[in-house]
Q: 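What follows is a single structure, and I will ask about it in a moment.
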Amino acid sequence: MTPQLDYPAIHAIFSRLREAEAEPQGELDHTNAFTLLVAVALSAQATDKGVNRATRDLFPIADTPEKMLALGEEGLIEHIKTIGLFRNKAKNVIKLCQRLIDVYGGEVPSSRAALVSLPGVGRKTANVVLNMWFRLPAQAVDTHIFRLGNRSGICPGKDEAAVERAIEDNIPAEFQQHAHHWMILHGRYICVARKPKCGICPIRDWCLYEEKT
DNA sequence: ATCCCGAGGG
DNA sequence: CCCTCTGGAT
């Protein structure tokens, strides 16, 4: 497995990423905690662009659990059927809304345990909401961060849990809050899955990935 | 380990 | 055609 990069390399990498984008934002459209939670749940194995296209017409008429329930599973499917895994997602979102109302007073809970108890919400989705909305030090490991972390040596690990630990243990405190989006954006646009764009990569000097050409 | 599952890119 | 996309439940 790729070795863990040392402190100077990690510091240099995130300094460079911060230089390019001081305040990295998520790219999932949302208007409140509820629509953020739903958008993240819908984004599983789907592009944010595809999720935004579907939620553009959905969220204006269903930005609360009550309104989403009124839409119903079939009504929801009409909005999200262009997104992969839409049947499971529709079923989960409806059940999630009912549980938010029954157990959490219609509000999105701010603890990981409560979030993970919601249908269709796993550790990754919970960590995104904790990080983006509640500004807590939670590190979500998605496909991009897993790939980038292991290729580069920023946060290598055999599974998501190991990568999450590598982030917490090796990324300096000053970068922890924004590390998630810096790595997402870099993985999405530069260190892409198929053919990483090493030629224009701003952190190439410290990366351990050997381009096989 | 397997299933879910459409859109977009190469 | 094949692979990938901010995964989760069984």
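Reminder, nothing fancy here: chain letters follow the sequence lines and each chain counts from 1. Small disclaimer: the values here were computed from a predicted structure and weren't measured.
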Q: Does anything in residues 131-154 of chain A form a salt bridge (charged side-chain N to carboxylate O under 4.0 Å, His left out)? List the pairs, not counting sequence neighbours.
A: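 Listed once each, the pairs would be none.
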
Q: Determine the contact category for A:Ile80: base if any of its heavy atoms lies under 4.0 Å from a base atom, sugar-phosphate if only primed atoms, P, OP1 or OP2 are that close, otherwise nothing.
A: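 No contact.
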
Q: Roughly how far apart, to the nearest Å, are B:dG9 and C:dT6 at atom P?
A: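 Each nucleotide's P atom is 12 Å from the other's.
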
Q: With a cutoff of under 4.5 Å between side-chain heavy atoms, which Ile, Leu, Val, Met, Phe, Trp and Tyr residues group with A:Tyr7?
A: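 Traced through the cluster, A:Tyr7 reaches no other member.
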
Q: May I have all residue pairs that pass salt bridge (charged side-chain N to carboxylate O under 4.0 Å, His left out) and include part of residues 101-113 of chain A, sequence neighbours excluded?
A: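 Residue pairs with at least one partner in residues 101-113 of chain A: there are none.
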
Q: Which residues within residues 124-149 of chain A lie with some heavy atom under 4.0 Å of an atom in DNA chain C?
A: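 Those residues are A:Lys124, A:Thr125, A:Val128, A:Asp142, A:Thr143, A:His144, A:Arg147.
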
Q: Tell me which pairs pass salt bridge (charged side-chain N to carboxylate O under 4.0 Å, His left out) where either residue lies in residues 61-71 of chain A, with sequence neighbours left out.
A: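 Non-adjacent pairs meeting salt bridge (charged side-chain N to carboxylate O under 4.0 Å, His left out): A:Asp63-A:Lys67.
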
Q: At under 4.0 Å between heavy atoms, which parts of nucleotides 5-10 of chain B does protein reach? Answer with one letter per nucleotide, 5' to 3': B base, S sugar-phosphate only, - none.
A: BBSSBS

Q: Given 3.5 Å as the limit, does a donor-acceptor pair link the side chain of A:Gln4 with the main chain of A:Ile154, or not?
A: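 Yes, A:Gln4 side chain to A:Ile154 backbone: donor-acceptor pair under 3.5 Å.
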
Q: Excluding sequence neighbours, so at least two apart, what forms ring-ring contact (aromatic ring centres under 6.0 Å, His included) with A:Phe175?
A: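 Counting only residues at least two positions away or on another chain, A:Phe175 forms a ring-ring contact (aromatic ring centres under 6.0 Å, His included) with A:His11, A:Phe14.
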
Q: Quick check: closest heavy atoms across A:Lys89 and A:Ala41, and the distance to 0.1 Å?
A: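 Taking A:Lys89 first and A:Ala41 second, the nearest heavy atoms are CE-O, 4.0 Å.
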
Q: Do you know the tightest heavy-atom contact between A:Ile80 and A:Phe86?
A: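 For A:Ile80 versus A:Phe86, the nearest heavy atoms are O-CB, 3.3 Å.
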
Q: Within the 4.5 Å heavy-atom criterion, are A:Glu27 and A:Leu185 side-chain neighbours or not?
A: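 Side chain of A:Glu27 against side chain of A:Leu185, heavy atoms only: contact under 4.5 Å found.
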
Q: Which stems does DNA chain B form, counting runs of 3 or more consecutive Watson-Crick or G-U wobble pairs with both distances under 3.5 Å?
A: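 As far as DNA chain B goes, consecutive pairing (with distances under 3.5 Å) yields the stems B:1-4 with C:7-10, B:6-10 with C:1-5.
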
Q: Which residue pairs satisfy the ring pair (Phe, Tyr, Trp, His ring centres under 6.0 Å) criterion with at least one member in residues 113-157 of chain A, sequence neighbours excluded?
A: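 Listed once each, the pairs would be none.
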
Q: Both A:Gln25 and A:Val121 contact DNA chain C. Which one's nearest nucleotide lies toward the 5' end?
A: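 Closer to the 5' end of DNA chain C: A:Gln25.
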
Q: Tell me the closest heavy-atom pair linking A:Ser43 and A:Lys124, and the distance in Å.
A: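 The answer is OG-NZ, 4.0 Å.
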
Q: What pairs of residues pass the salt bridge (charged side-chain N to carboxylate O under 4.0 Å, His left out) test when at least one of them lies in residues 41-62 of chain A, not counting sequence neighbours?
A: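 Counting only pairs at least two positions apart or across chains, the salt bridge (charged side-chain N to carboxylate O under 4.0 Å, His left out) contacts touching residues 41-62 of chain A are A:Asp48-A:Arg188.
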
Q: Have a look at A:Gly26 and say if it touches a base, only the backbone sugar-phosphate, or nothing, with a 4.0 Å heavy-atom cut-off.
A: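 Base contact.
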
Q: Just call it for A:Gly122: base, sugar-phosphate, or nothing, with non-hydrogen atoms closer than 4.0 Å on any strand.
A: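 Sugar-phosphate: the residue A:Gly122, judged by heavy atoms under 4.0 Å, touches backbone atoms but no base.
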
Q: Supply the members, apart from A:Met1, of the Ile/Leu/Val/Met/Phe/Trp/Tyr cluster built from side-chain contacts under 4.5 Å; use none for a lone residue.
A: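 Once heavy-atom contacts under 4.5 Å are chained together, A:Met1 still belongs with nothing else.
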
Q: Name the first nucleotide and the last nucleotide along DNA chain C (5' to 3') that come under 4.0 Å of a heavy atom in chain A.
A: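 Reading along DNA chain C, I get C:dC2 to C:dA9.
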
